[in-house]
Amino acid sequence: MKILIIGSGGREYAIGKKLLEDNTSISLYFYPGNGGTKIIGKNIDHIHSTLELGFFAKRNAIDLTIVGSEIFLLDGVVDIFQNFGLKILGPHYLAAKLEVDRIFAKYFMKKYGVRTPEYKVFSSYEKAINFIEKKNNTSLAIKANGLASGKGVLLSHSKNEAKKALKTIMIEKKFGNSGNKVIIENFLKGKEVSIISIFNGKHIIPFLSAKDYKKIGENETGMNTGGMGSIAPNPYMTKDLWNDFKKNILNPTLVGLLSEKLTFFGFIYFGLIIFSNKIFLLEYNTRIGDPEAQSLFPLMESNFLHIIHSSFLQEKVTILWKKKYSCCVVLSSKGYPGKYKIGKVIKGFNNLIEPFYIAGADKKDKKWVTSSGRVLNIVGTGNSIEEARNKAYDKVKKIHFDNIYYRNDIGF
């Protein structure tokens, strides 16, 4: 069986490793992939467009494609592949708007009664500034409307901070055209929760809960990143909160998807926050989360490919999980998510014990070197969060490269 995985990060490498662990006979292809994916599969070169990628998949009889990166969803990769008669796991262009168009997602939530923080939408910088001036609550989340690599949310706790955030997004265009419109949302201070699920066109089947650490600095300070670590399961997700999630988030989401004919075969990521003992939805993603995937796959007992096949058959499956905990620590290049240097030799790599995932590293002249902002995902598992965390950081201490940076508080 030939499987193509689209993306270039630790998540795509993790998807590939899990598939191979469960099914040793499959052949993996990655586009564009990274230094790790070309060890467990084949990276595709000389492709310059999503359409060309579709031609490649058709010509090489790819049996299944899994979309990891949101960039390709915006390009309509699922629609193109489906037009070629190819099996692909991911949302068609209209359904992908739940992720790539935050305003669309907010209207969807409001229409179907999905619990989410109060918000206002603005396309005018002046009107947004006037709204801030009149608002008593200054704890706000200011969000660029479109894609921003997980970094398009700026938090403010004063009017000056809010104005600065608006200027950054709407005037300076830090996130490009994604800043043409903004959402100004009440900031809810609480514990964040990530729940990845698989959607088969009839049912939404949730995975274990996870917790993502998005900020670059310890104690959740500094700029947003694509994720500096994660733990699973999330220790704050009680049975009551799971019931609240299903009643006020998952079920109305399913009703909305079916009513709006936004059905597809793929993943839905619920970015949540616990506030006043209730679950609120902050955002949807229509793919597997990174680095949540890297903490979840080591705990998944079920065959991942069987889960995927069951989704295409619209069967409601039970996903089995190890009764353990997982902690993923992201090693990055200092300067990320801003400017950083690459090409730094990674020492200790060959002595790493599984599980770990390659995100931004490549092998040159028989040496592993850094090739991106997020370099390695180091994972520990154990019978408690503490044991998993200790194992992860023990492994982290064995890795060295110039300008290495990681948070020391993942899992605390």
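The analysis underlying the following values was restricted to heavy atoms, covering all of them including side chains, and did not include hydrogens, waters or symmetry mates.
Taking the ring centre of Phe104 as origin, the terminal cationic atom of Lys97 falls inside the region bounded by 6.0 Å and 45° from the ring axis. The side-chain tip of Lys87 does not point at the ring of Phe81 from less than 6.0 angstrom away and within 45° of straight on. Because its NZ or CZ atom is both nearer than 6.0 Å to the ring centre of Phe280 and within 45° of the ring axis, Arg115 counts as a cation-pi partner of that residue. By the 6.0 Å and 45° rule, Arg407 does not stack over the aromatic ring of Tyr213.
Considering every non-hydrogen atom in both Ile47 and Phe56, the closest pair reads CD1-CB, 4.1 Å. Closest of all the heavy-atom pairs between Met228 and Ile216 is SD-CD1, 3.8 Å.
Under 3.5 Å, the side chains of Asn303 and Asn23 contain a donor-acceptor pair of N or O atoms. Between the side chains of Asn285 and Glu70, no donor-acceptor pair is found at a separation under 3.5 Å. In the model, Lys278 has no side-chain atom that pairs as donor or acceptor with a side-chain atom of Asn248 under 3.5 Å. Under 3.5 Å, the side chains of Thr286 and Glu99 contain a donor-acceptor pair of N or O atoms. Between the side chains of Asp101 and Asn145, a donor-acceptor pair is found at a separation under 3.5 Å. For Asp212 and Ser194, the side-chain atoms include no donor-acceptor pair closer than 3.5 Å.
In this structure, Ile353 places its CD1 atom where only 12 or fewer heavy-atom neighbours from other residues, nucleotides or ligands lie under 6.0 Å away. Open room surrounds CD on Glu118; 12 or fewer heavy atoms of other groups in view lie less than 6.0 Å from it. Lys341 NZ: 12 or fewer foreign heavy atoms inside a 6.0 Å radius. Within 6.0 Å of NZ on Lys173 lie more than 12 heavy atoms contributed by other residues, nucleotides or ligands. More than 12 heavy atoms of other residues, nucleotides or ligands shown are found within 6.0 angstrom of NZ on Lys163.
Of the inter-residue distances, the one linking Tyr357 atom OH with Lys18 atom NZ reads 8.5 Å to the nearest 0.5 angstrom. Going from atom CD1 of Ile15 over to atom CG of Leu305 covers 12.5 Å, rounded to the nearest 0.5 Å. Atom CD1 in Ile66 sits 9.0 Å away from atom CG in Leu4 (nearest 0.5 Å). Taking CD1 from Ile195 and CD1 from Ile204, the interatomic distance works out to 11.5 Å, rounded to the nearest 0.5 Å. Interatomic distance, Leu313 CG to Lys202 NZ, rounded to the nearest 0.5 Å: 11.0 Å. One finds the OG atom of Ser310 at 9.5 Å from the CD1 atom of Ile319 (value rounded to the nearest 0.5 Å).
Between Phe108 and Tyr112, the ring planes are tilted. Angles from 30° to 60° get that label. In this pair, Phe199 and Phe264 present their aromatic rings perpendicular. The plane angle is above 60°, beyond the 30 to 60° band. Taking the six-membered ring where the residue is Trp, Phe131 and Phe122 present tilted rings, their angle falling between 30° and 60°. Ring geometry, Tyr406 versus Tyr393: the interplanar angle falls from 30° to 60°, so the pair is classed tilted.
No donor-acceptor distance shorter than 3.5 angstrom exists from the side chain of Lys159 to the backbone of Asn136, with no hydrogens or angles considered. Remark: side-chain polar atoms of Ser372 are not paired, donor with acceptor, to backbone N or O of Val375 under 3.5 angstrom. Using modelled atom types, one side-chain atom of Ser230 and one backbone atom of Pro291 make a donor-acceptor pair closer than 3.5 Å. Using a distance-only test at 3.5 Å, with no hydrogens or angles considered, no donor-acceptor pair links the side chain of Thr381 to the main chain of Tyr325. Within the 3.5 Å criterion, the main-chain N or O of Gln294 finds no donor-acceptor partner in the side chain of Arg11. A donor-acceptor pair under 3.5 Å is absent between the side-chain atoms of Asp79 and the main chain of His92, judged by distance alone. Using a distance-only test at 3.5 Å, with no hydrogens or angles considered, no donor-acceptor pair links the side chain of Asn224 to the main chain of Lys215. Checked by atom type and distance alone, the side chain of Arg374 pairs as donor or acceptor with a backbone atom of Gly226 at under 3.5 Å. Although no hydrogens or angles enter the test, the distance criterion places a donor-acceptor pair under 3.5 Å between the side chain of Asn43 and the main chain of Asn34. Checking side-chain atoms of Thr370 against main-chain N and O of Lys344 turns up a donor-acceptor pair under 3.5 Å.
Between Phe356 and Phe349, the distance from one ring center to the other falls under 6.0 angstrom. In this structure, Phe270 has its ring center closer than 6.0 angstrom to the ring center of Phe245. In this structure, Trp321 has its ring center closer than 6.0 angstrom to the ring center of Phe207. Between Tyr284 and Tyr269, the distance from one ring center to the other does not fall under 6.0 angstrom.
Between Lys106 and Glu185, at least one side-chain N (NZ, or NE/NH1/NH2) sits under 4.0 Å from a carboxylate O, which counts as a salt bridge. The existence of a salt bridge linking Glu283 and Arg102 is confirmed by a sub-4.0 Å separation between a basic side-chain nitrogen and an acidic carboxylate oxygen. A salt bridge does not link Glu192 with Lys211: every distance from a Lys NZ or Arg NE/NH1/NH2 to an Asp or Glu carboxylate oxygen is 4.0 Å or more. Of the charged side-chain nitrogens involved, none lies within less than 4.0 Å of a carboxylate oxygen, so that Glu21 and Lys17 do not count as a salt-bridged pair. Taking the charged nitrogens against the carboxylate oxygens, Lys111 and Glu260 do have a contact shorter than 4.0 Å, which makes a salt bridge. Look at Lys324 and Glu301 and you find no salt bridge, because none of the NZ, NE, NH1 or NH2 atoms lies under 4.0 Å from a carboxylate O.
Results of the side-chain contact (heavy atoms from CB on, under 4.5 Å) test with Leu376 over Val329, Ile358, Val330 single out Ile358 as the only residue that passes.
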